[in-house]
Amino acid sequence: MHENTFKESTTVNGGIHNGGVNSGNSPEDPRFEASAQQPQPLTPSEDRQWATIAHFGAILGCIPSGIIHYVFRERGPFTAQESKEAFNFTLPPTILAILANLLSMIPFVGGFFAVIAVLLWLFLTINGVIAGIEVNKGRPYRYRFNLRLID
């Protein structure tokens with residue numbers, strides 16, 4: 001036997017209240033029906049945009065390219081390729097820069113490691129900008145020195 005769960009609408013505080021059924025937050029609300037769909041593929045311009053951002057993110061190390069690769073790898077082939085390339089390039093220098101920053105706190109030799117950390121950051125930034133400019137033009141970019149840790 002099927003019971004009717006809808007209550008008669010009543011006016012509460014000057015507005016319509018329907019007794020809490022389908023009040024906007026329930027799973028039966030038609031506004032939430034599309035939330036289970038797969039994400040849409042990126043358009044060619046969005047694909048190029050995210051690929052470019054993955055390379056420009058080198059200024060912050062490997063985190064931006066890793067996030068972009070994780071989130072967009074299934075949605076755009078160019079983004080998947082370029083974010084993987086950027087992540088593979090930025091991961092080892094990021095780890096080295098973190099270590100150099102930690103070692104820079106050691107008295108007497110810390111200055112040497114601080115200079116190394118700055119040079120690594122400049123290396124990542126300059127190469128990331130060069131790659132980002134090329135990718136923004138729609139051209140795939142391959143770094144000269146890349147370990148290609150992630151396939």
Side-chain angles (χ1 to χ4, degrees), residues 12-151:
V12 177
N13 294 332
I16 301 289
H17 177 69
N18 61 4
V21 177
N22 283 341
S23 61
N25 293 335
S26 69
E28 297 89 22
D29 192 344
R31 293 181 294 171
F32 296 105
E33 286 180 17
S35 64
Q37 291 180 355
Q38 294 294 327
Q40 296 295 318
L42 297 172
T43 64
S45 65
E46 290 173 333
D47 201 13
R48 191 175 67 241
Q49 172 191 1
W50 284 111
T52 301
I53 293 170
H55 285 288
F56 282 151
I59 194 170
L60 300 174
C62 66
I63 303 297
S65 58
I67 291 171
I68 290 170
H69 182 69
Y70 180 75
V71 173
F72 293 108
R73 69 179 174 226
E74 301 294 326
R75 295 181 58 195
F78 193 56
T79 298
Q81 170 189 324
E82 294 303 316
S83 62
K84 181 171 57 173
E85 179 76 10
F87 183 74
N88 280 327
F89 175 73
T90 57
L91 182 62
T94 300
I95 293 170
L96 290 175
I98 290 169
L99 288 173
N101 277 307
L102 291 173
L103 293 173
S104 71
M105 295 180 209
I106 297 174
F108 304 113
V109 295
F112 172 74
F113 290 110
V115 170
I116 296 296
V118 169
L119 291 175
L120 284 167
W121 177 75
L122 282 172
F123 174 74
L124 282 174
T125 301
I126 292 168
N127 282 290
V129 168
I130 292 169
I133 291 170
E134 288 297 311
V135 168
N136 193 38
K137 295 175 183 175
R139 300 181 205 144
Y141 189 82
R142 300 290 278 189
Y143 291 97
R144 288 184 183 171
F145 306 106
N146 201 345
L147 294 179
R148 310 222 194 300
L149 301 170
I150 297 174
D151 277 333

Can you name the nearest heavy-atom pair linking [X] to [Y], along with the distance?
{"X": "Ile116", "Y": "Ala100", "result": "CG2-CB, 4.2 Å"}
{"X": "Val135", "Y": "Tyr141", "result": "CG2-CB, 3.9 Å"}
{"X": "Pro64", "Y": "Gly61", "result": "CD-O, 3.6 Å"}
{"X": "Ser104", "Y": "Ala114", "result": "CB-N, 3.7 Å"}
{"X": "Ala117", "Y": "Ala97", "result": "CB-O, 4.3 Å"}
{"X": "Gly132", "Y": "Thr52", "result": "O-CG2, 3.5 Å"}

- [ ] Show your reasoning for whether side-chain contact (heavy atoms from CB on, under 4.5 Å) applies to Leu42 and Phe72.
- [x] CA-CA 8 Å; Leu42 297 172; Phe72 293 108; 4.1 Å; yes
Among His55, Arg142, Arg48, His69, which residue meets the side-chain hydrogen bond (donor to acceptor under 3.5 Å, both in side chains) test with Glu82?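 Option passing the side-chain hydrogen bond (donor to acceptor under 3.5 Å, both in side chains) with Glu82: His55.
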*Working to the nearest 0.5 Å, report the span between CG of Asp47 and OG1 of Thr79.*
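Taking CG in Asp47 and OG1 in Thr79, the distance rounds to 3.5 Å.
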Rounded distance (nearest 0.5 Å) linking atom CG of Asn127 with atom CZ of Phe145: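 Answer rounded to 0.5 Å: 9.5 Å.
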- Message: With heavy-atom distances below 4.5 Å as the criterion, would you say the side chains of Pro41 and Arg75 are in contact?
- Response: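 When only atoms from C-beta onward are counted, Arg75 and Pro41 do not touch, as no gap falls below 4.5 Å.
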Side chains of Gln81 and Pro140 in contact at under 4.5 Å (non-hydrogen atoms) |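 Yes, side chains in contact.
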- Task: May I have the step-by-step check of side-chain contact (heavy atoms from CB on, under 4.5 Å) for Ile63 and Ile67, ending in yes or no?
- Result: CA-CA 6 Å; Ile63 303 297; Ile67 291 171; 3.7 Å; yes
Does any N or O in the side chain of [X] come within less than 3.5 Å of the main-chain N or O of [Y], such that one atom is a donor and the other an acceptor?
{"X": "Asn146", "Y": "Glu85", "answer": "yes"}
{"X": "Glu134", "Y": "Ala131", "answer": "no"}
{"X": "Trp50", "Y": "Ile68", "answer": "no"}

### Message
Aromatic contact between Phe89 and Phe87, with the criterion being ring centroids under 6.0 Å apart: yes or no?
### Response
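No - the distance between ring centres of Phe89 and Phe87 does not fall below the 6.0 Å cut-off.
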| request: Begin from the C-alpha positions of Ile98 and Ile95 and carry the test side-chain contact (heavy atoms from CB on, under 4.5 Å) through to its verdict. | output: CA-CA 5 Å; Ile98 290 169; Ile95 293 170; 5.7 Å; no
Q) In this structure, which one of Ile126, Thr125, Thr90 forms a side chain to side chain contact (heavy atoms under 4.5 Å, CB included) with Ile59? A)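 For Ile59, the side chain to side chain contact (heavy atoms under 4.5 Å, CB included) check succeeds only for Thr125.
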